[in-house]
Amino acid sequence: MPRRIRRHARGAVAVAVAALTLALPTTAVAATHDARPPAVLPGPGGPELRLRVVGTLEDGDVARAMNKHGDVPFRTAQGEPMVWNAVTGKQRALAGAPLTAPTDIADDGRVVGVRGAEGVVLWNADGTVTTPGLPPGEMWAGTARLGADGTLLVTASHQFIGWPGGHPRVATSYYLWRPGTGFQHLAGPNDGAYPWALNDKGLVVGTKNDAGTAWRPDGTVATYAGSVPGTTRTWLHGVNNDGVAVGGELHPDGTAAAIRWDAPDTPRRLPDEGSGGQARNVNDRGWVTGVTRATDGTGPTDHPVVWDPDGGLHRIDTLLDLPEGSSVQSIEAINDHNLLLLRIRDADSERTSTLVVQLV
């Protein structure tokens with residue numbers, strides 16, 4: 001169930017158990033700004049929650065990222081990198097690097113993206129473009145995350161042939177990039193490590209050798225404990241600017257549980273629906289997003305959820321009035337104004353759209 005963001009919003013590696021001189025286009029992507037009143041339903045396991053629908057983006061390859069202003073980077077079907085503001089409905093083009101897929105955005109408007117063999121591209125707040133490119137020896141970039149201090153967390157890969165006549169294989173490594181110092185190797189394909197998220201202070205979290213791990217800016221590494229004896233694996237999937245980390249753990253019976261760590265040695269299990277779950281992102285206000293698993297007559301089903309700062313559990317699908325045949329596929333990001341970036345799937349058309357809602 002776990003899978004491979006952005007910290008609280010930055011927030012795709014598969015973790016073993018788991019994971020501007022800017023112009024507005026006149027066509028390309030359909031977006032709406034929705035001012036409907038919030039649906040009111042009691043949140044199970046916590047105080048009453050409401051969701052206010054903010055805006056919808058009907059098309060495009062949307063990044064798993066949203067800044068505090070509600071800006072969401074995406075790429076149109078025509079390959080144009082853009083930023084959509086869910087609050088105002090406005091869009092702006094990211095000039096100077098066509099066909100680049102944006103992957104993260106900072107609160108000051110900087111955007112990072114990747115363009116295959118050309119590597120990493122960074123749009124600065126003034127509209128200029130910086131091209132960190134690729135680490136030495138790598139052939140393409142997979143994704144990049146951006147911290148407010150300018151740190152990038154980058155995945156990059158190359159092909160190799162292990163023996164004469166063998167088939168090409170892919171090796172993926174993880175790097176930090178900082179202005180002025182360039183790329184620094186963080187973890188390689190044989191390290192058993194999967195760094196996934198970073199916060200605005202340069203703290204990176206993920207997993208290494210089946211243990212939740214944080215790589216600190218000073219070069220030290222911390223390992224995160226399980227909440228029960230016999231825990232076989234822990235992993236971190238998100239971290240906020242206070243150092244609160246979230247992720248999951250695997251128990252001896254094969255079930256996974258969502259965990260919050262205020263410190264490496266203080267795991268706190270978050271409630272679920274009886275069949276486990278995992279946490280994926282946490283904002284600076286202590287709200288956590290993730291999934292829980294429920295089992296009915298048709299088998300296990302994963303439900304996107306939020307946990308409030310007191311640990312109360314709230315299923316998003318019970319708080320939204322969606323058209324028949326539509327469902328919440330995932331919560332991709334949460335910002336510090338409690339805006340949620342949701343991926344919505346329509347079963348009839350098999351298309352996905354992006355919906356931004358606010359917890360109120």
Side-chain angles (χ1 to χ4, degrees), residues 1-3 5-6 8-9 11 18-19 34 36-56 62 64 66 86 227 237-238 240 244 246-249 251 255-260 268-283 285-347 352-360:
M1 174 177 55
R3 65 177 175 90
I5 129 164
R6 176 173 174 175
H8 53 265
D34 198 325
R36 288 179 289 169
V40 181
L41 285 173
E48 180 183 275
L49 273 188
R50 298 178 297 165
L51 288 183
R52 181 174 68 87
V53 176
V54 176
T56 305
V62 179
R64 295 183 172 106
M66 176 173 55
S227 69
H237 201 280
N240 69 15
V244 174
V246 297
E249 66 183 15
H251 296 160
T255 60
I259 306 294
R260 167 180 171 155
R268 170 187 171 190
R269 180 170 179 171
L270 298 170
D272 55 51
E273 298 178 273
S275 298
Q278 77 158 321
R280 290 179 175 159
N281 294 299
V282 56
N283 69 10
R285 300 174 66 179
W287 289 79
V288 178
T289 67
V291 295
T292 59
R293 174 161 289 184
T295 303
D296 54 28
T298 61
T301 302
D302 289 346
H303 297 132
V305 300
V306 295
W307 290 273
D308 60 52
D310 295 323
L313 173 66
H314 310 270
R315 269 180 50 177
I316 293 301
D317 61 340
T318 67
L319 301 173
L320 273 179
D321 184 18
L322 294 173
E324 185 176 355
S326 295
S327 61
V328 181
Q329 192 173 30
S330 59
I331 305 172
E332 300 293 348
I334 180 171
N335 72 8
D336 290 333
H337 295 296
N338 281 2
L339 289 178
L340 300 177
L341 180 66
L342 308 180
R343 193 176 300 275
I344 306 297
R345 183 178 185 275
D346 180 76
T352 59
S353 60
T354 299
L355 178 67
V356 172
V357 299
Q358 186 169 33
L359 297 167
V360 292

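As a basis for the values below, the full set of heavy atoms in this structure was taken, side chains included, without hydrogen atoms, waters or symmetry mates.
Counting only heavy atoms from C-beta outward, the side chains of Val357 and Leu342 approach each other to under 4.5 Å. With a 4.5 Å cut-off on side-chain heavy atoms, Val244 and Arg260 count as touching. Proximity of Leu339 to Ile334: side-chain heavy atoms (C-beta onward) are nowhere separated by under 4.5 Å. Counting only heavy atoms from C-beta outward, the side chains of Val306 and Ile316 approach each other to under 4.5 Å.
Within the model, atoms CD of Glu324 and CG of Leu322 stand 11.5 Å from one another, a figure rounded to the nearest 0.5 Å. The distance from atom CD1 of Ile331 to atom CZ of Arg64, rounded to the nearest 0.5 Å, is 13.0 Å. Here the NE2 atom belonging to His251 is positioned 3.5 Å from the CD atom belonging to Glu249, to the nearest 0.5 angstrom. A distance of 3.5 Å separates NE2 in His314 from CG in Asp308, rounded to the nearest 0.5 Å. Between Trp287 atom CH2 and Asp336 atom CG the span is 13.0 Å, to the nearest 0.5 Å. Between the CZ atom in Arg285 and the CG atom in Leu359 there is a gap of 9.0 Å [rounded to 0.5 Å].
A donor-acceptor pair shorter than 3.5 Å cannot be found between the side chains of Asn281 and His237.
Of all heavy-atom pairs spanning Val54 and Ala86, the tightest one is CG1-O, 3.2 Å. In terms of heavy-atom proximity, Arg269 sits nearest to Ser227 at CB-OG, 4.4 Å. Of all the heavy atoms in Trp307 and Ala258, the pair that sits closest is CH2-CB, 3.7 Å. Here the shortest heavy-atom pairing between Asn338 and Asn283 reads OD1-ND2, 2.8 Å. Residues Leu270 and Ala279 share a closest heavy-atom pair of CD1-CB, 4.3 Å.
Ion pairing between a basic and an acidic side chain is recognised when a charged N comes within 4.0 Å of a carboxylate O; Arg315 and Glu273 show such pairing.
Paired with His303 under the rule side chain to side chain contact (heavy atoms under 4.5 Å, CB included), one option of Thr318, Val291, Asp317 passes, and it is Asp317. Considering Leu320, Val328, Leu340 in turn, Leu320 is the only one that fulfils the side chain to side chain contact (heavy atoms under 4.5 Å, CB included) rule with Leu355.
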Show your reasoning for whether side-chain contact (heavy atoms from CB on, under 4.5 Å) applies to Ile344 and Thr354. CA-CA 6 Å; Ile344 306 297; Thr354 299; over 6 Å; no
Given Val356 and Met66, is the side-chain contact (heavy atoms from CB on, under 4.5 Å) satisfied, shown in steps? CA-CA 10 Å; Val356 172; Met66 176 173 55; 4.2 Å; yes
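Judged by distance alone, with hydrogens and angles left aside, the side-chain atoms of Gln278 form no donor-acceptor pair with the main-chain N or O of Ala256 at under 3.5 Å. A distance-only check finds a donor-acceptor pair linking the side chain of Asp272 to the backbone of Gly274 [under 3.5 Å].
The side chain to side chain contact (heavy atoms under 4.5 Å, CB included) search around Arg345 returns Ser327, Gln329, Ala347, Glu350, Thr352, not counting sequence neighbours.
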